[in-house]
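Read the structure below first, then the notes.
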2 protein chains.
Amino acid sequence: MTTTGQQIFTTLAADGTLTVEVGEQTFPDPKPSQVLVRMEAAPINPSDLALLFGPADLENAEYSDGKVVAKMPEPFASAAKGRHGQRLPVGNEGAGTVIAAGDSDAAQSLMGQRVACVPGNAFSEYAIAEAAMCLPLGDISAEQGASAFVNPMTALGFVENAKMDGQKAIIHCAAASNLGQMLNRICQEDDIALVNIVRKQSQVELLKDLGAKHVVNSSDDDFMKQLRSAIDATDAYYGFDPIGGGTTVDACFKAMEQVASAKMTEFSRYGSNQPKKMHIYGRLDLGPTILTPAYGFGWTLTGWLLTPFLANAGMEVVGRMRQRVLDGLTTTFASNYKQKVGLKEMLTKDAALDYRAMKTGEKYLVSPHG
Amino acid sequence: MTTTGQQIFTTLAADGTLTVEVGEQTFPDPKPSQVLVRMEAAPINPSDLALLFGPADLENAEYSDGKVVAKMPEPFASAAKGRHGQRLPVGNEGAGTVIAAGDSDAAQSLMGQRVACVPGNAFSEYAIAEAAMCLPLGDISAEQGASAFVNPMTALGFVENAKMDGQKAIIHCAAASNLGQMLNRICQEDDIALVNIVRKQSQVELLKDLGAKHVVNSSDDDFMKQLRSAIDATDAYYGFDPIGGGTTVDACFKAMEQVASAKMTEFSRYGSNQPKKMHIYGRLDLGPTILTPAYGFGWTLTGWLLTPFLANAGMEVVGRMRQRVLDGLTTTFASNYKQKVGLKEMLTKDAALDYRAMKTGEKYLVSPHG
């Protein structure tokens, strides 16, 4: 028995033409360790957008029924040489109902259940998923369970990583996002101080209403003063930034060093001894990251991705994190969506331009069966 | 008994006026753990220049006998707030003869000996130094022993650090320097593959003549191709850069990722799984470091300084490193100088502009007693 359904594909040609379309796909019977899930809800995360559209010119693209043809600018078209000509599925995560299961006990035990899963082709009517990665949702709806992996495990991962590194405080940039709100709740639960950096007064208020103690607004004239004051109050010399491009990380390192060097009793040409560490976990800004020589040599900047973090953290930590997410899926780890779209609606100009803007608090949810 | 002598001082006023001058200084009797050294030779290292002049405008400075008054540009004048108004000694390292010793056995054992030392005021006729940090030079001349600490321990530190991190290959930028030549010899002795990045054909030839296998020229049109080929041949995903500003680190990360992703069998939107690490250990270019989003998230960039490295490495490793330097001071760890200058000569326009340019292979040596 094979199952056939609609699925989104993205293809980048060597000449920079990007075609994103709804196509027909046949799904095989699940292997012993797998299940076949009828997908009911899948969030459009920034990490999905990087693959789905990247920085393609959506403003001047050709839109037809269930299809977008756009130009990918340089240097991105050439840089993505590894995917040229490949018709790739999209959608890291989602939730739905298990309609077929492989022979293993793990797979069989999920038969008929609603699960959150991480199939890699979640923008699809059906998906094959590893049973071991599925989270049985019980009474939780597919919509509530759709974002059970990427954001919750990432936000929890930041806190786990901070604890592993002996930190008691975190700086978070673009902090009013769904992920940022989760991180705010986790830090409150775990008594980790959190310095939230946002860029609008409305976001300051949003986070303050959620109980955040330290929220600084990068659009304010005294932003650096606010940031220094929050670092001084929390000892946050460790942070996570999803923006990547521009001077956000630079501002954090500068403020950290200014706070640390103000506490030094003697001048050092090399700067303070305070180690400073920032992680870039996204690329909301595809421009270059700018680092100025204003904070000595005691700093580290590193890329951060969930999968290698989980691999390093080990099974026990990951199991504990998954259980915590499941327990808090409608509270600590709840997500909000601006809009629900079907697969074809997802590829209309209005929708694509809107969710590709990745505005804070304006996440889309895909309902593959409409 | 007190000793009096000439010494260089650098003072940055809050208004950005930098005064560097030869002044009279009185040296106290050494404490039990210390010795008083009559300084005979001291190298002008980039790390000394950062404190001595920084990016001050030496072209339009006022030069008088033993004195330079220059303007420090912004943002550097304000950023160095920690030193405003302080009259600071300069000169990390040098060599000379112990003419007085504290009461400890370690200090007494050095009495009358020629030693290399790390006093922090090496541009001086006399200096107080910790006996434990002194290296007895025996038959080695002060000139040969003057650079026994900063460059040798830094170059050895790179190799020690690479080994600690499980690496068998290193990329080194600005590789034709004194330090780079040492690193080339150490890597040959220790069978560590070394990718040397230089910017002139004459430097390519210099290093090739010293037995370097992989030398790539950043001024060549096919620089990136040369770099990829060298990385492919050596598996060098780990490097050290003294330039700091600009796109050198970015080019290394790009080439590393291109080599790694060419070996991938499947496209990943997140880039290769190959960890890539670069260390910035100097700021020959004070412009911003530019990092482009062209190598996924599997990279780490970190500042590197000798002192914290040695502190982390521990006494045993440091002892072994010091012995190796002493054993190879006229071979593996030999330094070359373009010119010798006295203290006052050091503050003439011709000399200052020449050594502040930090041209490869044009290091100055200070002879404090002329």
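On a predicted model such as this, the values are computed, not experimentally measured, just so you know. Chain naming here is simple, since letters A, B, ... match the order of the sequence lines and numbering starts at 1 in each. Computed over heavy atoms, backbone and side chain alike; hydrogens, waters and symmetry mates excluded.
Remark: B:Met358 engages B:Pro46, B:Leu49, B:Leu284 in a side chain to side chain contact (heavy atoms under 4.5 Å, CB included) (not counting sequence neighbours). Not counting sequence neighbours, the partners of A:Ala155 by the side chain to side chain contact (heavy atoms under 4.5 Å, CB included) test are A:Leu179, A:Met182, A:Leu183, A:Ile186. Partners of A:Ala251 under the side chain to side chain contact (heavy atoms under 4.5 Å, CB included) rule, at least two apart in sequence or in another chain, are A:Phe223, A:Met224.
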Donor-acceptor pairs under 3.5 Å, chain B versus chain A:
from	atom 1	to	atom 2	distance (Å)
B:Asn92	ND2	A:Tyr270	OH	3.4
B:Tyr270	OH	A:Asn92	ND2	3.4
B:Thr289	N	A:Leu291	O	2.7
B:Thr289	O	A:Leu291	N	3.0
B:Leu291	N	A:Thr289	O	3.0
B:Leu291	O	A:Thr289	N	2.7
B:Trp299	O	A:Thr302	OG1	3.1
B:Trp299	O	A:Gly303	N	2.9
B:Thr300	OG1	A:Thr302	OG1	2.6
B:Leu301	N	A:Leu301	O	2.7
B:Leu301	O	A:Leu301	N	2.8
B:Thr302	OG1	A:Trp299	O	3.1
B:Thr302	OG1	A:Thr300	OG1	2.7
B:Gly303	N	A:Trp299	O	2.9

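Minimum interatomic distance between B:Phe76 and A:Pro293 (heavy atoms only, all atoms of both residues): CE2-CG, 4.5 Å.
Taking CG of B:Leu291 as the start and CD1 of A:Ile280 as the end, the distance is 7.0 Å to the nearest 0.5 Å.
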